[in-house]
Amino acid sequence: MSEVDNESDVVGHRRRKLAALRDLGGAYPNAFRREDTAADLHARHGDAAKDALEAASVRAVVAGRVMLRRVMGKASFLTLEDPSGRIQCYLRRDEVGAETYQEFKDLWDIGDIIGVEGTLMKTNKGELTVQAGAVHLLAKSLKPLPEKYHGLVDQETRYRQRYLDLMVNEESREVFRVRARLIALMRRFFDERGYLEVETPMMHPIPGGATARPFVTHHNTLGVDLYLRVAPELYLKRLVIGGFERVYEINRCFRNEGLSPRHNPEFTTVEFYQAFADYRDLMDLTEELLGSLLDEIAGGRVLRFGDDELDFRQFARRTMSEAVGDATGKTPSEVADPEALAALARGLNIAVEPHWQWGRLLMEVFEARVEESLVQPTFITQYPAEVSPLARRSAADPRLTDRFELFVAGREVANGFSELNDPDEQAERFRAQAALKNRGDLEAMHYDQDFVTALEYGMPPTAGEGIGVDRLAMLLTNRTTIRDVVLFPQMRPAGSEEAT
RNA sequence: GGGUCGUUAGCUCAGUCGGUAGAGCAGCGGGCUUUUAACCCGUUGGUCCUGGGUUCGAGCCCCAGACGGCCCA
């Protein structure tokens, strides 16, 4: 322990108190058992009349962290917080004993974890309170809590020391309760529909399933580099080939890209696959899923998000070409013309690469001009094949695929398509991606022979989709920063030199 | 990567024209047996993010850097 030199006065005082507590027989006992929670006591007795409650002499045994203290000479009030909420406790010297009361006054602090056994009462102001018969210090807190009224505001500290944020900011706790509920509801949704929950590898010998830069790691015994997965897609499709015709996975993906209010290098998706279905079935399913999530969590299908009111009662569906045409005022034939699109892209300050074809140009213009304007839930369909190397081509136009993405509040929330199950065409698409990679495109896909081999055994016609869980959580908790919905967001190490 | 704003006591924040740093809460000492952001009296506490520079003098001005927020790419 080398912190003695630089510890603050507060910590010094508390360490002395801790030493005194140790002398008295221990400051970290583990024998106390809570019998009642704050919320439960409020629910059962919050409405009771003062006299009736005292006449009933209801025993209560609570435990939690001391959040507030109002100390008088011979009696004190404490506000105790447990995971369910807060409950006030009342300590009278004459009831807990002079020795204990003195110990409480001298050695206990805000932030300590304590247990209180006593009887329920109501104060003159009508607040339900545990009148203590016995009190126990259960864990000494050596560090001062953030300010009792303003809480912890500093965003950097809230992210770096999330436990402090959770300790003092109820809104922050609520965000993560909603997130947990969201995930539980999604599990139930897929389980009820016969999808099998599976876990596929996080470490891939060949990164695949999305166009994104991967993290690289190394397996010592095998002597090979492995990639943290950018998507589980190719493994989930192998499972469909194996006969698990409905599968889903809720877990982390990793992408080696910048940090932003919308991007954390590790993020959570739910990805699901269903044989004998196409992308339209998945759009219907997505509407059903989001609708039911909103019903359960937001209590209805209209959601307040920032200044917007998002209406999930109806989802728009438009093709990418239509959306680009509307946003740019171009005619369908202009949108279908690579030269016109290239000119449009340059006009938007997009660094157009000479090898980009029509599809890539359309996608780039879409991302630059349309994406952010899609506030109400909107499916954009018919993505170009050039930017969709795993998706099935549209029967009507081979330049397009039966793919969609869902946008809400200007953010991509879901991406799904009818799967490409022709092994020869998949091989061809991989070759095109590999060619891009050779040109230096760090996000292009690798050629995955093992996956092509799997396809050669025959994959039933299938549709698959991924939904960004963090982004859903942001929508449902009205947060504009992914860091607010990730418990421990990635941060630059404090005070480090910048890596080159 | 660029722009911009921020970083001051444990926390939340002030800090005038460049003149030697403050408040509230927390802490410490005292008082108070129904308080509730308890209250009353007294009081401790500072690497003003870091490193340079300008100046008689820098929390404040200039330069570089770190970390964070926001905007853009």
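Given the structure is predicted, the values throughout are model-derived calculations rather than measurements. Numbered from 1 within each chain, the chains take letters A, B, ... in sequence-line order.
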Rounded to the Å, how far apart are A:M167 CE and B:C11 P? 14 Å
Which whole-number value in Å describes the distance from A:K50 NZ to B:U35 P? 10 Å
Applying ring pair (Phe, Tyr, Trp, His ring centres under 6.0 Å) to A:Y101 and not counting sequence neighbours gives A:F104
Which pairs count as ring pair (Phe, Tyr, Trp, His ring centres under 6.0 Å) when at least one residue sits in [range], sequence neighbours excluded?
| range | answer |
| --- | --- |
| residues 469-494 of chain A | none |
| residues 158-180 of chain A | none |
| residues 333-389 of chain A | A:F315-A:F379, A:F366-A:F407, A:F379-A:F404 |
| residues 31-84 of chain A | A:F32-A:H136, A:F77-A:Y90 |

Would you say the side chain of A:V135 lies within less than 4.5 Å of the side chain of A:L91, judging by non-hydrogen atoms? yes
So does A:R70 get a side-chain nitrogen or oxygen closer than 4.0 Å to the phosphate oxygens (OP1/OP2) of B:A38? yes
Identify all side-chain donor-acceptor contacts of residues 55-67 of chain A below 3.5 Å with residues at least two apart in sequence or on another chain.
unit_1	atom_1	unit_2	atom_2	d
A:R59	NH2	A:E35	OE2	3.4
A:R65	NH1	A:G111	O	2.8

Under 4.0 Å from any atom of RNA chain B, heavy atoms only: list the residues of residues 75-88 of chain A that qualify, in numerical order. A:A75, A:F77, A:Q88
Contact residues, residues 116-138 of chain A to RNA chain B [heavy atom, < 4.0 Å]: A:M121, A:T123, A:N124, A:K125, A:E127
Would you say the side-chain atoms of A:E412 pair up with the backbone N or O of A:G468, donor to acceptor, closer than 3.5 Å? no
Distance-only, no hydrogens or angles: does the A:K140 side chain make a donor-acceptor pair with backbone N or O of A:L107 under 3.5 Å? yes
Which residue, A:K105 or A:G151, contacts RNA chain B at a nucleotide closer to its 5' end, judged by nearest heavy atom? A:G151
Summarise protein proximity over nucleotides 68-73 of chain B in one line of letters, 5' to 3': B for base, S for sugar-phosphate only, - for none, counting protein heavy atoms closer than 4.0 Å. SSS---
In the 5'-to-3' direction, what one-character label does each nucleotide of nucleotides 22-28 of chain B receive under the scheme B = base within less than 4.0 Å of a protein heavy atom, S = sugar-phosphate only, - = no such atom? --BBSSS
Listing, residues 208-217 of chain A side-chain donor-acceptor contacts under 3.5 Å, not counting sequence neighbours, or none:
none

Partner residues of A:Q88 under the side chain to side chain donor-acceptor pair (under 3.5 Å) criterion, sequence neighbours left out: A:R70, A:T129
So which heavy atom on A:N169 is nearest to which on A:L152, and how close? ND2-O, 3.0 Å
To the nearest 0.5 Å, what is the distance between OG (A:S141) and CG (A:D112)? 6.0 Å
